[in-house]
Amino acid sequence: MKAQTLRGFRDYLPEEMLAKDQMLATIRRVFELHGYPPLMTPALEYASVLLGKIGDEEEMLLYRFLDHGERDVALRYDLTVPLARVMAQHGGLQMPFRRYQIAPVWRAEKPAKGRFREFLQCDVDLVGVDNAVADSEMLLIGCFLLDALGVTGYSLRVGHRGILAAMIAWLGIEGGKAERDFLRTFDKLKKIGPDRFKVEIDRLLGLGGEKVDALLALAGDSGSTSEILGRLGEELGEEAAEPLGRLEEVFALVDGAGYSDHVKIDVTIARGLSYYTGIIYETFLDDMSDYGSVLSGGRYDQLIGSLSGKEFPAIGISLGVDRLFSALKEMGILAQKSSPADVLVVQFSESKARSSVQLAQRLRDAGISALLYPTAAKLKKQFQFANNLQIPYTAVIGEEEERTGTLQLKVMESGEQFQLSLEDAVKRILSGGGGQ
RNA sequence: GUGGGUAUAGCUCAGCUGGUUAGAGCGCCUGGUUGUGGUCCAGGAGGCCGAGGGUUCGAGUCCCUCUACUCACCCCA
C-alpha cells in the first residue's frame with residue numbers, strides 16, 4: 001500500500017481547515033442574515049436524475065457506477081440539479097423557496113491549478129420569483145458577503161442573456177454552434193483584448209469589418225450605467241428592450257441599497273453554462289484578477305421546470321469556495337492560526353496531573369478553549385509546543401501554585417508572566433482578546 | 001482531452017559531460033538550561049534519489065512505461 005490520495009483529490013490539514021471553517025462560518029452567517037436556510041442532499045443520486053439535464057460533455061465528467069443493488073448511480077457534479085430534484089420530489093414547500101447549500105461535488109475532469117475532482121461548491125438560490133427585486137437580492141448578497149469577508153476591492157459585473165440574444169440577432173449570427181462560439185469568444189473579450197478578439201471572431205464566424213468595430217464600441221464601458229443602457233437600447237432596438245428595462249430596475253434597486261459602487265454593467269459577461277435565461281453576473285477581485293471569477297451566477301427560468309415538470313423561475317449564485325479561499329489567503333485577510341486553543345495547560349509533573357486536568361476543565365467551563373498537554377514532558381518542550389501552534393497563553397500549576405491555589409499565566413507573545421487566581425486568569429484571557 | 005515541464009530528507013532545493021559511503025538551508029530530536037518558548041552554541045536522527053523495466057563493468061544522472069504534480073490551450077468553481 002502506498003499512502004497516496006487519488007488524482008485531483010486532496011487532504012485539508014488542520015491549519016488550513018481552521019482558516020477555511022472560519023470563512024465558511026462567515027458565509028453561512030451572511031446567507032442566514034438574508035433569511036436563507038441550509039439544505040443538505042445526498043452525495044449519490046440516480047444517474048438518471050443527473051443525466052440528460054446537462055450537456056454531453058458534462059456527462060463524461062460524472063463519477064458513475066452500479067451500487068450493490070445494481071442501481072445506476074452517480075456522484076453529484078453540481079448543486080443545482082439536486083435542488084431541482086428536491087423541488088420536484090417534495091410537495092408543499094413554501095414558495096418562494098430559498099436555500100443555500102455548501103457541499104462537495106465531484107467532476108472527473110483533468111485537474112489543474114485550483115481545479116480538483118472533488119471540491120466544495122457553495123450555492124444560494126431563490127426559486128419561484130422572476131422580477132427585479134429577486135435579481136437585485138442576489139447581487140446584494142454577493143456584495144454583502146465580500147464585505148463581510150473583509151474584501152474591499154471587488155466588482156460584480158452584470159450582463160443579461162437577453163441582451164446577448166439581441167446582439168446575436170443584430171450581428172446576423174445563426175445556428176446553435178455559431179451562437180455558442182460567439183458567446184464563448186465574446187466572454188473572453190476582456191481577457192484577450194480587442195485585437196485577438198477580432199482574429200478569433202473572424203476565424204470562427206467570418207465576421208469582420210465595421211460590424212465588429214460597432215460591436216466593440218457597443219461593448220465598451222464608458223459612461224454611466226444609464227448611458228450604457230441607453231446606447232444599447234438605441235442600437236439593438238425592440239428585441240433588447242425588455243432585458244434592458246429589467247437591468248435598469250435592478251441597478252436602481254442596488255443603488256438604493258447603497259452598493260452601486262461595486263456593481264457594474266458589463267455586457268460581455270456570457271457565462272459558460274447554457275441554461276441561463278436572464279441576468280448573469282461574475283465577480284472579480286481588483287488585486288487578484290488572475291484568479292478569475294470568485295462568485296458568479298444568474299437567472300435560469302427553465303432548468304428546474306425541465307426536471308420537475310412545473311414552472312419554476314429561479315436565480316442563484318455559485319461561490320468558488322476554494323478559489324476565494326486562496327485569494328483571501330494571498331491577500332492576507334485570513335487569520336492564521338494553527339490551533340483553536342486560547343490556552344495551553346502545561347503539565348508540570350505527573351503528580352500535578354489532577355490539578356492540570358482540573359484547571360483545563362475550569363477554563364473550558366469559563367468558555368476558554370483550553371488544550372492540555374497530555375504528558376509531563378519537559379517544560380521547555382511544552383512551551384515550545386505552545387509557541388509552534390501559536391497558542392496565545394500558557395498556564396502552569398507547580399508546587400508553589402498548588403500550595404497557594406493559584407496558577408502561572410504566561411502571555412506568550414510578550415513573555416510576561418503572572419501568578420493569578422483562576423478567576424483573575426480567566427478575566428485576563430477574556431479581556432486579552434484571546435477568548436471565544 | 002492536446003502540447004510542454006518537473007519528481008532527490010518533513011519543507012525549499014544543490015548534485016558539473018554516467019564513476020566510491022547522496023549534500024545544503026529550514027524544520028525535527030537530544031543536550032548546554034531538572035520551574036519556562038522565540039535568540040545562540042554543540043551533537044543527532046532522517047533518503048530502495050516517485051514506481052517499474054531497459055542500456056551499461058557501473059545509473060540520482062541516459063532510454064521506455066506508469067503514477068503524481070505543474071504551465072499553456074480548452075473548460076469551469
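Just so you know, these numbers come straight off a predicted model, no measurement behind them. A, B, ... follow the sequence lines: proteins, then strands. Residue 1 opens every chain. Only this structure's heavy atoms are used, side chains among them; waters, hydrogens and symmetry mates stay out.
- Residue A:N388 places at least one side-chain N or O closer than 4.0 Å to OP1 or OP2 of B:rC28.
- Residue A:F383 has its side chain nearest to B:rU36 when only B:rG35, B:rC29, B:rU36 are considered.
- Between B:rC62 and B:rA68, the two C1' atoms lie 22 Å apart (nearest whole Å).
- Nucleic acid contact class of A:G8 (heavy atoms, under 4.0 Å, all strands): sugar-phosphate only.
- Residue-level contact check: A:Q382 touches neither bases nor backbone, having no heavy atom under 4.0 Å from any strand.
- The distance between the ring centers of A:F31 and A:Y36 does not fall below 6.0 angstrom.
- B:rA45 and B:rG31: their C1' atoms are spaced 14 Å apart (whole Å).
- In this model, no side-chain donor or acceptor of A:K380 finds a partner on the base of B:rU36 within 3.5 Å.
- The side chain of A:R115 approaches B:rC74 more closely than any other nucleotide in the set B:rG31, B:rC74, B:rG38.
- Within 4.0 Å (heavy atoms only), A:D322 reaches no atom of the nucleic acid at all.
- Nucleotides B:rG10 and B:rC76 place their C1' atoms 34 Å apart, quoted to the nearest Å.
- Counting only heavy atoms from C-beta on, A:K381 has its side chain closest to B:rU30 among B:rU30, B:rA77, B:rU36.
- For A:D213, the salt bridge (Lys or Arg N to Asp or Glu O under 4.0 Å) partners are A:K198, not counting sequence neighbours.
- With B:rU36, B:rA77, B:rG38 as the candidates, the nucleotide lying closest to the side chain of A:L379 is B:rU36.
- Across all strands, A:Q390 comes closer than 4.0 Å to no nucleic acid atom at all (heavy-atom distances).
- Partners of A:T406 according to the side-chain contact (heavy atoms from CB on, under 4.5 Å) rule, which considers only residues two or more places apart in sequence or in another chain, are A:E401, A:T404, A:Q419.
- Side chains of A:L183 and A:I168 form a contact here, defined as non-hydrogen atoms less than 4.5 Å apart.
- Checked by atom type, the side-chain pair A:D123/A:S318 shows a donor-acceptor distance below 3.5 Å.
- A:T41 and A:Q101 share a donor-acceptor pair across their side chains, judged by distance under 3.5 Å alone.
- Distance check on atom P: B:rU56 versus B:rC71 gives 39 Å, rounded to whole Å.
- Under 3.5 Å, the side chain of A:K410 and the base of B:rG37 form at least one donor-acceptor pair of N or O atoms.
- When distances run from any side-chain atom of A:E400 to the nucleotides B:rA77, B:rG35, B:rC29, the shortest one goes to B:rG35.
- Rounded to whole Å, the P atom of B:rG60 lies 14 Å from the corresponding atom of B:rG53.
- Among the atoms of the strands shown, none is found under 4.0 Å from any heavy atom of A:K352.
- Map A:G320 and A:R196 each onto its nearest nucleotide of RNA chain B; the residue landing nearer the 5' end is A:R196.
- Taking 3.5 Å as the limit, the base of B:rG37 and the side chain of A:Q417 contain no donor-acceptor pair of atoms between them.
- Side-chain atoms of A:F348 lie closest to B:rG35 of the nucleotides B:rG37, B:rG35, B:rG31.
- For A:R323 against B:rC76, a side-chain N or O and a base N or O form a donor-acceptor pair under 3.5 Å.
- Comparing atom distances between the A:R107 side chain and each of B:rC76, B:rG35, B:rU36 picks out B:rC76 as nearest.
- Phosphate proximity of B:rU67 to A:R7: absent, as no side-chain N or O sits under 4.0 Å from OP1 or OP2.
- For A:K110 against B:rU2, a side-chain N or O and a base N or O form a donor-acceptor pair under 3.5 Å.
- For A:E399, the side-chain atoms get nearest to B:rG35 when compared with the rest of B:rG35, B:rU2, B:rA77.
- The listed nucleotides are B:rG35, B:rG38, B:rC74; the one nearest the side chain of A:Q384 is B:rG38.
- Here the separation of B:rA59 from B:rU12, taken at their P atoms, is 29 Å to the nearest Å.
- Judged by distance alone, the side chain of A:D11 and the main-chain N or O of A:L13 form no donor-acceptor pair under 3.5 Å.
- Taking the P atom of each, B:rA72 and B:rG19 are spaced 35 Å apart, rounded to whole Å.
- Residue A:K188 has its side chain nearest to B:rC74 when only B:rG37, B:rC74, B:rG35 are considered.
- Distance check on atom P: B:rA9 versus B:rG23 gives 14 Å, rounded to whole Å.
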